[in-house]
Structure formats: structure tokens, C-alpha cells
Amino acid sequence: PDLVAIHPYNSLDDLYSLYPYSPRSIDDLCASIVRSHRETTQYRLEELQALRWKLFTREEIQAYQSKTADEMWQHCSIRLTDAVQYVVEFAKHIPGFRLLSQNDQITLLKTGSMEVVLVRMCRFFNTENNTVFFDGKFAGTEVFESLVCGDLITALFDFARGMCALQLTEQQIALFSALVLINADRPSLEDRGRVQRVQRSVELGLTHILHRENQESLMHELHQRMAVLHSLCRLHMEKLRWFTQRHPLTAHSLFPPLYKELFA
Ligand code: CLR
């Protein structure tokens, strides 16, 4: 698709001409982010809704449980990398992102793409039976037993349940995802000021839609979730390091290159 046609900001000047923000351009900014989210979520909510009672059979669950840790880690890393790739696409269409230096874009993706995947996880979560969409069906925590990192899995499921409880709209999920990604506090950014300006525009966008829907109180909630996201991703990295030490061969030859690049 033609990038310039998709997002209306061709230069930082265009973006910064949003100051002072006229409602029209802030609506445009939100619309771009929402469109980018919609085009990169893999599944629409209606599709997921229709699938939400498709559960794994006992035999299928046993098959996952009898995989070796190696096999299951490899399998999950492929699924996660796939999801990360969609987040990279999403990022590229956040107004202002492509105008950051290549290094800063990579820094933001390295630190934030997994966090956005976890934000997105709430769309794929069924709170009625605590299952998540995985490999075409809904899976409970027991499906991931062979990974031997029950604490991480439980923490991820808890986080998804908590996010579901907020009952965010697709718009709110889109803007929140953008804010998680465009974070000027990430270590080793080259041009923090520039990231900060993009961050402020996204922040204004989120504030704007929350205000319009009379849900300003959500902002505080969302800021708290950001701290939880940090700790979840730290836990993921720890588990990955532990796994890499025990199974260097799988980690080096079987993990997808992007997964290694981002997390290893
Ligand atoms: C999250 C939202 C994405 C699509 C997607 C793809 C892969 C899924 C992931 C979602 C949720 C979490 C998930 C993952 C595959 C494996 C992982 C089910 C639905 C589980 C929790 C296991 C994680 C184990 C690693 C940390 C080793 O748009």
C-alpha cells in the first residue's frame, strides 16, 4: 500500500504543526493510529467472538503437554514472533514513527513490541473460561505446561484478565498500544526530544478520545498497566535467558531470527 496515502504526515513539520492542536488534526492522528491498529490485528473482534468456544480437546492438550520444553519453546517463539511482526507494521504507520532515526525505531521496537503483543492479548482472551487464542483454538494455562514457566504463564493470563476488565474499545486499545511503543523513557535513545514530541502527540490523542467518551479515569489505570507490562517483559527475558542456557542449541538454531534479534 502507498504509505504516503495511508498516513497524512509526511514530515515532522507536518506533525508538529499540530501545535496548538486543532480538534481536526487530533482526530486525524487518532484515525491514523486506529486504522493502523485495525489493519494489523490479524483477527477482527467479530471473528474472535465467533471462535471463542472452540476449545482444545483433552487429546490435543495432552499432545501439547507431551512436547519437550525445546519443541514447545520453539513453537511459542514462532507464534510470538509472528505477532511481533504485525506490531512492527502497526508501528510504521504511527504518525511520526518513521521520521525517527532508524536506531531509535529499533530501540523502541526492541523494548516495546512484546509489550504491545501483551496489550493485544486481551482481544484474544476469553475471561469466561480463562483461555487465550493459540494455534486456531482457545487454550488454558495447562496447554503451556511443558514450557516449565508456570509463573510467567499465570502472570500473562492475569494481566490479560485485568486488561479485559477495563473493557477498552478498539480505539482505546489502538491509542494505548501506540503510547506503549512511543516511550521517550526507554534507555539508549539517540534523539529523546524527538521521541518525546511524538509521544506527546499520541498522549494528546489518547486523552482526547478518553475525554470524548467521558472516561478520563482510565488514564490512571492505563499508566499503572504500563508498569506491569515492564515487569512482565523483564520476566519473559529472564525465562528466555534461563532457557537459552539450558538449551543453547534450540535457542541458537531454532528460534526465529527476529525473536533472537529482539530478545536474545
Ligand atoms: C497475543 C496477541 C497477538 C496474537 C498472539 C499471538 C501469539 C500468542 C499471543 C497472542 C498471546 C500469548 C501466547 C502467544 C503464543 C504463546 C503465548 C498464547 C494471542 C503463551 C502465553 C506462551 C508464552 C510463552 C513464552 C513467553 C515462552 O496479536
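Remember, it's 1-based here, ligands and their atoms both numbered in the order they're listed. What you see below is based on every heavy atom in this structure, not just the backbone, and it leaves out hydrogens, waters and symmetry mates.
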*Asks:* When you measure from atom 7 (C) of ligand 1 to every protein heavy atom, which one gives the shortest distance, and what is it?
*Replies:*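 Result: Arg79 O, 3.9 Å.
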*Asks:* With the threshold set strictly below 4.0 angstrom, can you tell me whether any protein non-hydrogen atom sits that near atom 27 (C) of ligand 1?
*Replies:*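 Answer yes: something from the protein, a heavy atom, is under 4.0 Å.
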*Asks:* May I ask you to identify the nearest protein heavy atom to atom 20 (C) of ligand 1, giving residue, atom name and distance to one decimal place in Å?
*Replies:*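 Among all protein heavy atoms, the one nearest atom 20 (C) of ligand 1 is Phe144 CE2, 3.7 Å.
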*Asks:* Where on His236 is there a heavy atom closer than 4.0 Å to ligand 1, on the side chain, on the backbone, on both, or on neither?
*Replies:*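 Side chain only; the backbone of His236 stays clear of ligand 1.
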*Asks:* Show me which atoms of ligand 1 lie under 4.0 Å from any heavy atom of Phe133.
*Replies:*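 Here the atoms of ligand 1 in question are 19 (C).
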*Asks:* Tell me whether the centres of the aromatic rings in Phe134 and Phe124 are closer together than 6.0 Å.
*Replies:*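 No.
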*Asks:* Taking 4.0 angstrom as the limit and counting only heavy atoms of Trp73, give me the atoms of ligand 1 inside it, by number and element.
*Replies:*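 Here the atoms of ligand 1 in question are 27 (C).
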*Asks:* Can you name the atoms of ligand 1, numbered from 1 with element, that are less than 4.0 Å from a heavy atom of Val117?
*Replies:*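 Matching atoms, with element in brackets: 1 (C), 2 (C).
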*Asks:* Exactly one of Glu39, Gln85, Arg38, Arg120 should register a side-chain contact (heavy atoms from CB on, under 4.5 Å) with Phe90. Which one does?
*Replies:*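 Filter result, single survivor: Arg120.
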*Asks:* With salt bridge (charged side-chain N to carboxylate O under 4.0 Å, His left out) as the test, pick out the partner of Glu115 among Arg225, Arg186, Lys110.
*Replies:*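 When salt bridge (charged side-chain N to carboxylate O under 4.0 Å, His left out) is applied between Glu115 and each of Arg225, Arg186, Lys110, only Arg186 qualifies.
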*Asks:* What I want to find out is whether Arg200 reaches Glu203 closely enough, with some N-O distance under 4.0 Å, to be called a salt bridge.
*Replies:*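 Between Glu203 and Arg200 there is no salt bridge, as every charged N stays at least 4.0 Å from the carboxylate O atoms.
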*Asks:* Are Arg234 and Glu238 within salt-bridge range, i.e. N to O under 4.0 Å?
*Replies:*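 Salt bridge: no.
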*Asks:* Could you work out, for atom 16 (C) of ligand 1, the closest of Ala69, Ala160, Cys76, Ser77 by heavy-atom distance?
*Replies:*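 Result: the heavy atom closest to atom 16 (C) of ligand 1 is in Cys76.
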*Asks:* Do Phe255 and Thr81 come close enough that some side-chain heavy atom pair is under 4.5 Å?
*Replies:*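 In short, these two side chains do not touch, never coming nearer than 4.5 Å.
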*Asks:* Which residue holds the protein heavy atom closest to atom 21 (C) of ligand 1, what is that atom called, and what is the gap in Å?
*Replies:*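 The closest heavy atom on the protein side is Leu156 CD1, 3.8 Å.
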*Asks:* Charged N to carboxylate O under 4.0 angstrom, Arg161 versus Asp158?
*Replies:*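 Between Asp158 and Arg161 there is a salt bridge, with a charged N closer than 4.0 Å to a carboxylate O.
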*Asks:* Any non-hydrogen protein atom below 4.0 Å of atom 9 (C) of ligand 1?
*Replies:*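 Under 4.0 Å from atom 9 (C) of ligand 1, zero protein heavy atoms found.
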*Asks:* Nearest protein heavy atom to atom 3 (C) of ligand 1, by residue and atom, and its distance?
*Replies:*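 The closest heavy atom on the protein side is Ala83 CB, 3.8 Å.
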*Asks:* Heavy-atom distance under 4.5 Å between the side chains of Met163 and Val119, does that happen here?
*Replies:*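 Answer yes - side chains close enough.
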*Asks:* Can you name the atoms of ligand 1, numbered from 1 with element, that are less than 4.0 Å from a heavy atom of Gln42?
*Replies:*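 Answer for ligand 1: 4 (C), 28 (O).
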*Asks:* Give a yes or no on whether His230 atom NE2 has more than 12 heavy-atom contacts from other residues, nucleotides or ligands under 6.0 Å away.
*Replies:*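 Correct, the count exceeds 12.
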*Asks:* Which of the numbered atoms in ligand 1 are under 4.0 angstrom from any heavy atom belonging to Leu152?
*Replies:*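 Ligand 1 atoms under the 4.0 Å threshold to Leu152: 26 (C).
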*Asks:* Between Thr40 and Glu89, is the side chain to side chain donor-acceptor pair (under 3.5 Å) condition met? List the steps.
*Replies:* CA-CA 7 Å; Thr40 59; Glu89 270 322 293; over 6 Å; no
*Asks:* Considering only the protein, which heavy-atom contact is closest to atom 24 (C) of ligand 1, and what is its distance?
*Replies:*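 The protein heavy atom lying closest is Leu147 CD1, 3.5 Å.
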*Asks:* Among all protein heavy atoms, pick out the one at the shortest distance from atom 13 (C) of ligand 1; state its residue, atom name and that distance to 0.1 Å.
*Replies:*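 Minimum-distance protein heavy atom for atom 13 (C) of ligand 1 reads Leu80 CD2, 4.6 Å.
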*Asks:* Given Trp73, which partner from the list Lys67, Lys239, His247 fulfils the side-chain contact (heavy atoms from CB on, under 4.5 Å) test?
*Replies:*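 That would be Lys239.
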*Asks:* Show the atoms of ligand 1 that are less than 4.0 angstrom away from any heavy atom in Val132.
*Replies:*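 Atoms satisfying the 4.0 Å criterion: 18 (C).
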*Asks:* Considering heavy atoms of the protein only, find what lies nearest to atom 12 (C) of ligand 1 and give residue, atom and distance to 0.1 Å.
*Replies:*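 In this structure, atom 12 (C) of ligand 1 has Met121 SD, 4.0 Å as its nearest protein heavy atom.
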*Asks:* When you measure from atom 23 (C) of ligand 1 to every protein heavy atom, which one gives the shortest distance, and what is it?
*Replies:*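 Ranked first by proximity to atom 23 (C) of ligand 1 is Ile153 CD1, 3.9 Å.
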